[in-house]
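Basis for what follows: all heavy atoms, side chains included, without hydrogens, waters or symmetry-related copies.
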Amino acid sequence: MIVEIGHFALVLALATAIIVSVLPVIGVYRRDANMMAVATTGSLVMFGLVALSFAALTWAYVVSDFSVKNVWENSHSLMPLLYKYSGVWGNHEGSMMLWLLILVFFSALVAVFGRNIPETLKANVLSVQAWISLAFLLFILFTSNPFVRLDPAPAEGQDLNPILQDFGLAIHPPLLYLGYVGFSVCFSFAVAALMEGRIDAAWARWVRPWTLAAWTFLTAGIAMGSYWAYYELGWGGWWFWDPVENASFMPWLAGTALLHSALVMEKREALKIWTVLLAIMTFSLSLLGTFLVRSGVLTSVHAFATDPSRGIFILCILAIFIGGAFMLFAWRAPTLKAGGLFAPISREGALVLNNLILTVSTATVLTGTLYPLALETLTGEKISVGAPFFNMTFGLLMLPLLIAAPLGPMLAWKRADLLGAMQRLWIFAGLALIVGLTLWYMQNGGPILAIFGLALGCWGMLGAVADLWCRGNFGKLPVMTSLRRLKGLPRSAWGTALAHFGLGVTVVGIVAASAFSTEHVVEMKQGQTVEAGGYSLTFDGFREAVGPNYTEERGHFTVSSGGATVSDVWSSKRLYTARRMPTTEAGILTFGLSQLYVSLGDPMDGGGIVVRIWWKPLILCIWGGCLIMMVGGFVSLSDRRLRVGAPSRKAKSVKPVMEPAE
Amino acid sequence: MSCSRISPSFLCLSQESSAPKSLGADSVLGKDGSFTTRTRRGWIPLTSTGMRGGEGRRLLSKVLLALFLILTPVSAFAVNPDEVLSNPALEHRARQISAQLRCMVCQNQSIDDSNAELAKDLRVLVRQRLTDGDTDGQVIDYVVSRYGEFVLLNPRLSTKTIILWAMPIGLLVVGIFALVVFVRSRPSRRPADALSAEEKARIDELLGQ
């Protein structure tokens with residue numbers, strides 16, 4: 001019964017979506033406040049209904065109702081409770097439900113917090129959101145319905161894919177989708193603005209918090225996914241340039257560009273047309289990502305739902321929304337007036353450079369991801385585009401960006417003195433080089449390029465510190481005054497510094513982990529010892545253990561340094577009983593920011609077992625840096641000026657004509 | 001696409017394509033009712049470990065590991081100790097080359113990361129050619145001659161990949177060009193030059209009124 005209520009709520013949500021898609025738009029056209037108000041109420045109702053529906057599905061998972069096909073396919077009564085919850089989105093239907101839930105969640109947020117947005121703009125934004133919701137509701141109800149029942153009901157479920165039975169599944173998809181789908185708000189704002197034919201700095205102010213929020217969540221989601229892959233996949237890789245990863249990375253790159261261009265637009269009213277285009281492109285890439293992941297047109301190490309009808313359905317959604325938005329853009333953009341002027345060497349100029357590079361990198365990743373598919377379709381020839389290609393092209397493109405990142409915030413708006421900024425920074429550049437060299441020396445060797453890479457990372461970190469240093473005027477004013485100045489800085493300035501600092505930390509992590517990792521692949525018997533990363537690992541043998549829905553063989557290793565035992569680590573091979581599926585659980589030992597990674601391989605003739613041990617220096621910097629970026633995002637989001645709906649005064653001054661409409 | 005239709009997942013890390021090759025125990029699996037072809041195809045994990053053939057099965061007496069052996073169609077990953085060359089310089093080159101060659105039967109992995117039988121064969125082949133004195137280029141040419149361009153994860157520059165390779169550079173050039181045009185077109189909209197004598201006179205006239 002509860003499941004049927006959920007199903008019914010979803011159908012009701014569809015009906016609501018149709019109403020919200022149509023009425024407010026007519027309301028805007030007729031300047032009818034009541035019809036426009038439907039958008040707010042309707043969006044809230046839609047959120048309530050989808051949330052109810054999602055709750056019903058979750059309930060079916062929690063009580064293990066195997067009469068629901070989706071639950072039967074992806075759950076098991078013995079599964080720990082956490083995985084019953086997270087298992088809801090550990091499959092195609094459920095993950096689309098999560099997608100939808102987050103979409104209507106954002107609509108509801110706009111409805112609640114968008115009080116200061118002019119009524120017409122708000123109505124249009126919510127309608128565009130409803131169009132997207134409508135498309136995905138149709139998709140779920142017609143091709144991926146999670147509420148389908150089975151008769152007779154099976155006694156036991158088929159269990160969730162063991163790889164997904166991890167804490168990672170509980171947080172990675174929600175975070176990722178909060179980012180991915182969050183960009184829908186920017187898209188809706190862009191489309192709504194194009195419909196109204198009016199875009200100004202106030203528009204950028206309304207859009208920026210949503211962009212920032214989505215970007216922050218996407219950063220966290222991607223970083224979390226990367227760490228999950230790292231510890232779960234068992235060979236210590238953390239980024240594979242896999243189509244599915246690229247699918248989430250492209251919106252991130254475009255979203256980062258959007259974040260920066262919206263800044264220019266908000267402060268200087270320049271780059272309007274470009275910002276709108278970027279907002280459309282970012283969400284288009286999110287949709288494209290959904291299509292790539294859900295249709296399975298590309299081969300990937302991640303598996304897909306591969307029902308052709310689903311693929312075609314999403315392709316249609318993709319074509320309608322992206323095509324429609326770009327047509328609207330082509331039609332309306334020429335009517336938008338260009339804004340503020342600036343010299344090439346200025347903060348705006350630096351942000352334009354940032355946008356240029358990020359856009360080109362997005363296009364590069366996009367081409368690399370789709371090229372094999374396009375070539376095969378057009379000529380029948382098969383080629384591969386893999387990690388080596390992306391590492392080279394993307395890496396080269398990132399170089400100028402990383403060099404420029406610390407300079408940007410130092411430049412003044414409108415017209416700046418690059419030399420002056422350089423002078424303020426050269427000490428930090430020198431310091432970066434020294435720290436980079438020291439790190440390199442400490443790691444004994446490694447490719448020469450690594451020095452440069454490390455210096456680049458340190459340059460990013462120290463550049464951010466330098467930014468704060470100069471803003472606080474340290475060294476010129478008494479320390480206390482400087483500290484007070486720092487405290488008085490806008491939160492967005494702190495956010496920028498933190499995010500740029502985090503970027504530097506991530507670069508250091510990537511360079512160190514790629515250049516200085518050591519790998520040992522050895523056959524070990526009980527009692528044998530191997531040296532890795534300055535530690536000795538002794539294999540103590542196996543022990544059997546039983547988990548809730550698996551059994552495992554745990555290999556125990558004692559880790560010692562200089563004869564003294566430092567720690568111990570387990571690395572195991574599991575067998576999930578329901579699916580009869582084996583997995584390995586890597587043993588990971590953290591030393592500061594570095595990790596020792598132990599993974600079990602095949603047993604050999606003679607009783608030994610293949611053991612793979614990696615020493616990964618500074619690898620935690622990769623995700624630590626992302627965390628810092630994320631914190632930067634949240635700090636910036638807490639800026640009073642940026643708070644959702646805050647620019648009310650601005651709204652009034654900019655749009656006086658809208659007032660009488662009430 | 002080959003992945004499971006019945007148990008789709010948003011992050012199923014499947015490596016089914018390598019499964020049948022490294023299996024060697026198909027009949028055993030077939031008899032196991034709960035382990036249908038369908039689930040096996042869909043859910044063979046990258047991380048799963050086990051062994052190929054029967055080499056290990058004879059030797060391990062522990063029940064649990066035996067279970068692993070019988071029921072596990074997939075081997076673990078990548079390079080095994082028995083493949084490693086004694087010459088570290090050669091081995092290093094072999095690893096470098098392996099990372100650039102695609103495992104033909106896997107989803108999207110290099111032969112260095114994969115443990116499909118074919119990947120192992122290729123790794124051994126690469127090492128053989130290297131020990132026979134081939135240069136890196138010769139080894140790669142040889143592999144390409146056998147398996148086609150598809151095997152290269154870093155596609156060669158040719159007429160069919162020209163767009164792929166030209167895209168980053170081309171877009172960058174176009175972008176910079178567009179920016180230059182944009183900046184050049186700006187001065188026309190800058191605040192006007194100093195007032196002409198005529199205009200000044202007119203203003204004086206207006207102000208004077």
Side-chain angles (χ1 to χ4, degrees), chain A residues 73-74 89-92 95 158 161 163-164 173 232-235 242 296 299-307 341 344 352 356 360 363-364 367 371 375 379 381-389 393 397 521-523 544 551 553 573 575 579-584 600-603 605 607 610, chain B residues 1 3-14 32 34-35 39 42-43 45-51 55-56 59-60 64-65 67-68 71-72 75-81 84 100 102 107-110 113 149-150 152-155 160-161 164 167-168 171-172 175 179 183 186 189-190:
Chain A
E73 281 169 357
N74 300 293
W89 53 77
N91 59 82
H92 168 79
S95 85
Q158 294 188 320
N161 180 358
I163 287 189
L164 299 178
E232 185 71 38
L233 292 189
W235 79 83
D242 187 82
T299 48
S300 150
V301 293
H302 307 253
F304 304 133
T306 55
D307 187 338
L341 300 162
V352 168
L356 176 68
V360 173
T364 305
T367 325
Y371 201 82
L375 190 72
T379 67
E381 282 182 88
K382 291 182 83 171
I383 62 156
S384 306
V385 179
F389 171 84
T393 51
L397 280 169
V521 185
V522 284
E523 182 188 342
E544 285 165 30
T551 52
E553 278 281 297
K573 302 170 98 170
L575 182 70
R579 282 183 192 254
R580 294 260 171 259
M581 176 171 150
T583 66
T584 55
L600 297 178
D602 300 347
D605 291 347
V610 173
Chain B
M1 270 289 303
C3 235
S4 157
R5 177 169 309 175
I6 197 79
S7 10
S9 135
F10 118 94
L11 188 102
C12 144
L13 303 136
S14 153
D32 187 312
S34 67
F35 199 40
T39 46
W43 297 112
L46 286 173
T47 45
S48 61
T49 53
M51 24 235 81
E55 45 186 277
L59 302 147
L60 281 155
L64 210 82
L65 271 184
L67 256 184
F68 269 111
L71 296 167
T72 306
S75 299
F77 10 41
V79 189
N80 275 302
V84 176
Q100 293 181 39
R102 183 188 191 117
Q107 294 285 10
N108 194 15
Q109 285 179 291
S110 71
D113 292 334
E149 294 261 312
F150 184 61
L152 293 176
L153 282 171
N154 201 12
K160 53 187 181 202
T161 58
L164 177 73
M167 180 63 81
L171 262 186
L172 210 57
L179 277 179
V183 171
R186 293 246 109 172
R189 274 186 256 163
R190 283 231 174 98

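- Here the shortest heavy-atom pairing between A:Tyr371 and B:Thr161 reads OH-CA, 3.5 Å.
- Only the side chain of A:Thr393 comes within contact range of chain B, judged by heavy atoms closer than 4.5 Å.
- The minimum heavy-atom distance linking B:Leu153 with A:Phe389 is given by the pair O-CB, 4.2 Å.
- Using a 4.5 Å heavy-atom threshold, the side chains of A:Leu375 and B:Lys160 count as touching.
- Interface remark: B:Leu152 contributes backbone atoms only to the contact with chain A (heavy atom separation under 4.5 Å).
- A:Val521 touches chain B through backbone and side chain together, each having a heavy atom under 4.5 Å away.
- Here the shortest heavy-atom pairing between A:Ser384 and B:Pro155 reads O-CD, 3.3 Å.
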TODO: Decide yes or no on side chain to side chain contact (heavy atoms under 4.5 Å, CB included) for B:Leu171 and A:Thr364, but give the supporting numbers first.
DONE: CA-CA 9 Å; B:Leu171 262 186; A:Thr364 305; 5.9 Å; no

